[in-house]
Protein chains: 2
Amino acid sequence: MISTRGRYALRVMVDLAKNSQNEFITLKDIAKRQDISKKYLEQIIPIFNRENMLIASRGYGGGYKLSKSPKEYTVGEILRLTESSLAPVACLETKSNQCPRAGSCPTLFVWKGLQKVEEEYLNGITLQDILDREIDLSGNDYNI
Amino acid sequence: MISTRGRYALRVMVDLAKNSQNEFITLKDIAKRQDISKKYLEQIIPIFNRENMLIASRGYGGGYKLSKSPKEYTVGEILRLTESSLAPVACLETKSNQCPRAGSCPTLFVWKGLQKVEEEYLNGITLQDILDREIDLSGNDYNI
DNA sequence: TATAAAACCTATTGACAAGGTAGGTTATTT
DNA sequence: AAATAACCTACCTTGTCAATAGGTTTTATA
């Protein structure tokens, strides 16, 4: 299950994509707009700065803005950076988590396939896709 | 993330599909074969009995067997019964978990789409598919 | 009919991660 | 200098997972 970290991160990125016309947006504003604890966001969002996905500016007049066009961010990469793991089962998380029966496990391919399906889906959606979709939705949530 | 409950349940069902030629198989045997705590399985497997997916027999000579053909069980239904939730995010779990912003949330369609992709994948795999696949794999895990 | 063996039931526990809160430090503009 | 913003690190509370434990009920066999 995707945790609040990943969900909040995505909402912040969408907020930035939507509200920044090349000027810096403060986390304070985003936190208020999204109704998320600013303190909590402060430990999530710097991750993207380290990966050069955001440009940060400290001090008066500072804030964040995207470093690239919204179509160059996928939901998949945003979640990979913020979620502890996107693996659908523990035995696919790390090598050390791999179970000793992996070599003969008849169900392993099920989980590998699930992971593939998920990742392909998440890698196929960009921030721009979300912005485009939002225009369609404007005001209702019936058409999904 | 799929928990041990769901993973173990699937392994037990595959074990039954594979090892039962219409006779009852004890949880003791399955637990030993799968190297899973029998006591733990005892609180998972009766779920399937209640749903008439398994036939249980108590007492001497008793055990479990499938009530239908392996091709009539999907991974999806097995997981839905054993996992607390298959929703990819908390806000899709229950109505009471739905967030107040749902009506205007620009990211909600992403999660709904993810859920759909996952469920379609899991509903598309049967126990028979797993048995068939196992023959191919026999002894190696290179071809996935 | 006693006994063994099986499923079934319910409570409890220990560990761990999620989801924050708190209090500070560093950088930058006015 | 002062205000404001990002950034860092430690802590804490709560809930769930993954079992373990100790029983009860059912049924075939000796």
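Lettering follows sequence order; numbering is per chain, from 1. All values reported here derive from a predicted model rather than from experimental measurement.
Among the atoms of the strands shown, none is found under 4.0 Å from any heavy atom of A:Gly61.
Side-chain proximity of A:Tyr40 to C:dG19, D:dA6, D:dC8: nearest is C:dG19. Checking C:dT21, D:dA6, C:dC8 against every side-chain atom of A:Ser37, the shortest atom distance belongs to C:dT21. Of the candidates C:dC9, C:dA18, C:dA22, the closest approach to any side-chain atom of A:Lys39 belongs to C:dA22. Listed nucleotides: C:dT29, C:dA11, C:dG20. Nearest to the side chain of A:Tyr60: C:dT29.
More than 12 heavy atoms of other shown residues, nucleotides or ligands fall within 6.0 angstrom of atom NZ in A:Lys65.
Taking only side-chain nitrogens and oxygens, B:Ser3 never comes nearer than 4.0 Å to OP1 or OP2 of D:dT16. In terms of phosphate contacts, A:Arg58 brings no side-chain nitrogen or oxygen within less than 4.0 Å of OP1 or OP2 of D:dA3. OP1 or OP2 of C:dA7 has not a single side-chain nitrogen or oxygen of B:Ser57 nearer than 4.0 Å. Between D:dC7 and A:Asn49, a contact under 4.0 Å exists linking OP1 or OP2 to a side-chain N or O.
In this structure, CE of B:Met1 is placed 13 Å from C1' of D:dT16, rounded to the nearest angstrom. Nucleotide C:dC8 holds its C1' atom 8 Å from the CZ atom of B:Arg50, rounded to whole Å.
Taking a cutoff of 4.0 Å between a charged side-chain nitrogen and a carboxylate oxygen, B:Arg101 and A:Asp35 do not qualify as a salt bridge. Look at A:Lys39 and A:Glu42 and you find a salt bridge, because one of the NZ, NE, NH1 or NH2 atoms lies within 4.0 Å of a carboxylate O, short of that distance.
For the contact set between residues 7-34 of chain A and DNA chain C, defined by any heavy atom under 4.0 Å, the members are A:Tyr8.
A donor and an acceptor atom never sit less than 3.5 Å apart when one is taken from the side chain of B:Glu42 and the other from the base of D:dT20.
Nearest heavy-atom pair, A:Lys71 versus A:Thr126, reported as atom, atom and distance to 0.1 Å: O-CG2, 3.5 Å.
With rounding to the nearest 0.5 Å, the separation of CG in B:Asn123 from NZ in B:Lys116 is 12.5 Å.
Comparing B:Gly63 and A:Thr4 by the nucleotide of DNA chain C whose heavy atom lies nearest to each, the residue mapping closer to the 5' end is B:Gly63.
Distance alone, capped at 3.5 Å, is enough to place a donor-acceptor pair between the B:Glu83 side chain and the B:Ser3 backbone. Here the side chain of B:Asn97 pairs no donor or acceptor atom with the backbone of B:Glu93 at under 3.5 angstrom.
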